[in-house]
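Notes to accompany the following structure.
Chain letters run A, B, ... following the sequence lines, proteins first, then strands; residues in each count from 1. Values below: every heavy atom of this structure, side chains too, minus hydrogens, waters and symmetry copies.
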Number of protein chains: 2
Amino acid sequence: MGIFSKTCEYALRAVFFISQKTSEGGRVSIKDIAIGIDSPEHFLAKILQDLSKRGLVQSAKGPNGGFFVDETTLKRPVAEIVEAVDGNGIFVGCALGLKECSEKDPCPLHNQFKTIRDEIHSLLRTTNIGNFNEELILGINSLKR
Amino acid sequence: MGIFSKTCEYALRAVFFISQKTSEGGRVSIKDIAIGIDSPEHFLAKILQDLSKRGLVQSAKGPNGGFFVDETTLKRPVAEIVEAVDGNGIFVGCALGLKECSEKDPCPLHNQFKTIRDEIHSLLRTTNIGNFNEELILGINSLKR
DNA sequence: TGATATTAATACCTTTTTATCCTTTTTACA
DNA sequence: TGTAAAAAGGATAAAAAGGTATTAATATCA
């Protein structure tokens with residue numbers, strides 16, 4: 001496994017895709033998202049259902065429905081998606097899984113990983129969901145394959 | 001989940017523990033390791049069995065048997081344990097799970113995560129298994145709780 | 001030398017988590 | 001008001017984590 005769970009990978013790609021397609025209005029269906037990011041459709045449905053409950057994407061049922069992101073959502077940090085799906089285990093906590101690992105009582109890798117965790121966290125806090133729309137539209141960035 | 005899988009967390013703690021206890025000679029039993037790092041004993045047995053096959057720890061059966069590390073193993077980089085257990089997904093590959101993500105055809109997070117991956121990799125390549133023996137003996141570092 | 005106790009290795013089973021698929025409900029519109 | 005489009009919800013499958021029991025190896029001692 002990579003840095004994030006598979007679920008989280010799909011979630012991030014899906015949200016970037018939805019953001020790109022709907023930031024100027026409109027909706028996009030699960031089917032189109034699944035095609036656009038090359039993910040299993042029904043699994044993606046479950047993920048989006050959850051993100052929708054948390055307000056990290058918006059949705060509308062029925063014909064002409066679909067997923068979209070509103071103004072506010074565009075500005076939310078990517079870290080919130082990661083946290084919603086994978087929890088905050090990647091930002092805080094011990095690399096060796098110790099409950100009480102800290103400056104005072106550190107595991108052998110504490111200091112080194114503290115730095116790295118902080119970098120990941122600040123990276124994901126300072127980039128927001130709508131950040132990549134332009135690059136995606138221009139084809140500079142990819143979400144598929 | 002944190003950076004590593006649970007299996008990998010146990011593996012790292014176990015190897016550090018064995019290293020600390022046996023770098024000057026002697027053996028340590030699964031039971032004592034399990035107690036020393038607070039892990040499920042039989043699950044740990046399976047992990048160590050695998051590491052032993054790969055030569056990342058040494059083992060001896062029978063009375064006075066147990067696990068230990070030899071001179072050569074002490075100098076092997078921690079990255080090898082991570083790679084043996086979790087694979088290299090944390091060092092290479094795409095944060096969003098894309099197969100063909102690269103400089104040429106990058107995902108939105110490619111550049112940012114390339115840096116972070118490289119840091120993790122070089123950190124784990126430059127620290128070796130025996131690196132923490134002193135700190136562990138002195139009680140500066142912890143492997144339990 | 002043979003019996004025994006000690007220890008890791010192997011095989012198999014249960015539980016939990018993660019990933020995937022199938023069914024139901026909602027809703028716009030003809 | 002019937003129908004098709006779409007998301008929401010529920011059931012299932014696969015993988016990871018953890019537990020139980022058995023087997024194999026070996027040092028030691030009678």
Side-chain angles (χ1 to χ4, degrees), chain A residues 1-15 17-18 21-22 26-69 82 84-87 89-90 96-97, chain B residues 1-15 17-18 21-22 26-35 37-69 84-87 89 97:
Chain A
M1 191 51 56
I3 304 255
F4 305 123
S5 71
K6 216 138 208 244
T7 308
C8 190
E9 292 176 352
Y10 290 140
L12 289 167
R13 275 151 63 192
V15 173
F17 184 86
I18 299 167
K21 294 289 183 195
T22 70
R27 315 269 168 91
V28 60
S29 72
I30 287 183
K31 192 171 206 170
D32 290 340
I33 304 167
I35 293 170
I37 69 171
D38 191 31
S39 77
E41 181 176 336
H42 295 92
F43 183 36
L44 182 61
K46 174 56 65 67
I47 298 169
L48 288 176
Q49 177 186 333
D50 188 56
L51 292 178
S52 168
K53 272 183 197 157
R54 296 167 186 263
L56 288 164
V57 294
Q58 285 67 51
S59 69
K61 284 187 174 182
N64 306 319
F67 290 90
F68 59 102
V69 292
V82 173
V85 178
D86 279 356
I90 196 175
L96 300 188
Chain B
M1 189 50 57
I3 306 254
F4 306 123
S5 71
K6 216 132 208 242
T7 307
C8 190
E9 291 174 354
Y10 290 142
L12 289 167
R13 275 152 61 194
V15 173
F17 185 86
I18 298 167
K21 292 291 183 194
T22 69
R27 315 268 167 92
V28 59
S29 72
I30 289 184
K31 193 170 203 169
D32 289 340
I33 303 167
I35 293 170
I37 69 171
D38 192 28
S39 77
E41 181 178 335
H42 295 91
F43 186 40
L44 181 63
K46 198 173 301 178
I47 298 169
L48 288 177
Q49 178 188 333
D50 188 54
L51 292 178
S52 167
K53 274 181 196 158
R54 296 167 185 264
L56 287 163
V57 293
Q58 286 66 50
S59 70
K61 284 184 171 182
N64 306 319
F67 291 89
F68 60 100
V69 292
V85 179
D86 277 355

If you compare every side-chain N and O of [X] against the phosphate oxygens of [N] (OP1, OP2), does one of them come in below 4.0 Å?
| X | N | value |
| --- | --- | --- |
| B:Ser5 | D:dA16 | no |
| A:Thr7 | C:dA19 | yes |
| B:Ser52 | C:dA8 | no |
| A:Lys61 | C:dT24 | no |

Quick check for you: among [options], whose closest atom lies nearest to any side-chain atom of [X]?
| X | options | result |
| --- | --- | --- |
| B:His42 | D:dT20, D:dA17, D:dA27 | D:dT20 |
| A:Gln49 | C:dT25, C:dA9, D:dG9 | D:dG9 |
| A:Phe67 | D:dA7, C:dT20, C:dT10 | D:dA7 |
| A:Pro40 | C:dT20, D:dG18, C:dA8 | C:dT20 |
| B:Asn64 | D:dG9, D:dA27, C:dT27 | D:dA27 |
| B:Lys46 | C:dC21, C:dC12, D:dA7 | C:dC12 |

- prompt: Has the side chain of B:Lys6 got a donor or acceptor that lies under 3.5 Å from a partner of the other kind on the base of D:dG18?
  reply: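 Not at all, since no donor on one side and acceptor on the other fall under 3.5 Å apart.
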
- prompt: Roughly how far apart are B:Ile37 CD1 and B:Leu12 CG, rounded to 0.5 Å?
  reply: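 CG of B:Leu12 is found 9.5 Å from CD1 of B:Ile37.
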
- prompt: With a non-hydrogen cut-off below 4.0 angstrom, is A:Val85 in contact with a base, only sugar-phosphate, or nothing?
  reply: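 The answer is nothing, as A:Val85 stays clear of every strand by at least 4.0 Å.
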
Touch class at under 4.0 angstrom, heavy-atom based, for A:Val28 against every strand present: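 Contact class for A:Val28: sugar-phosphate only.
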
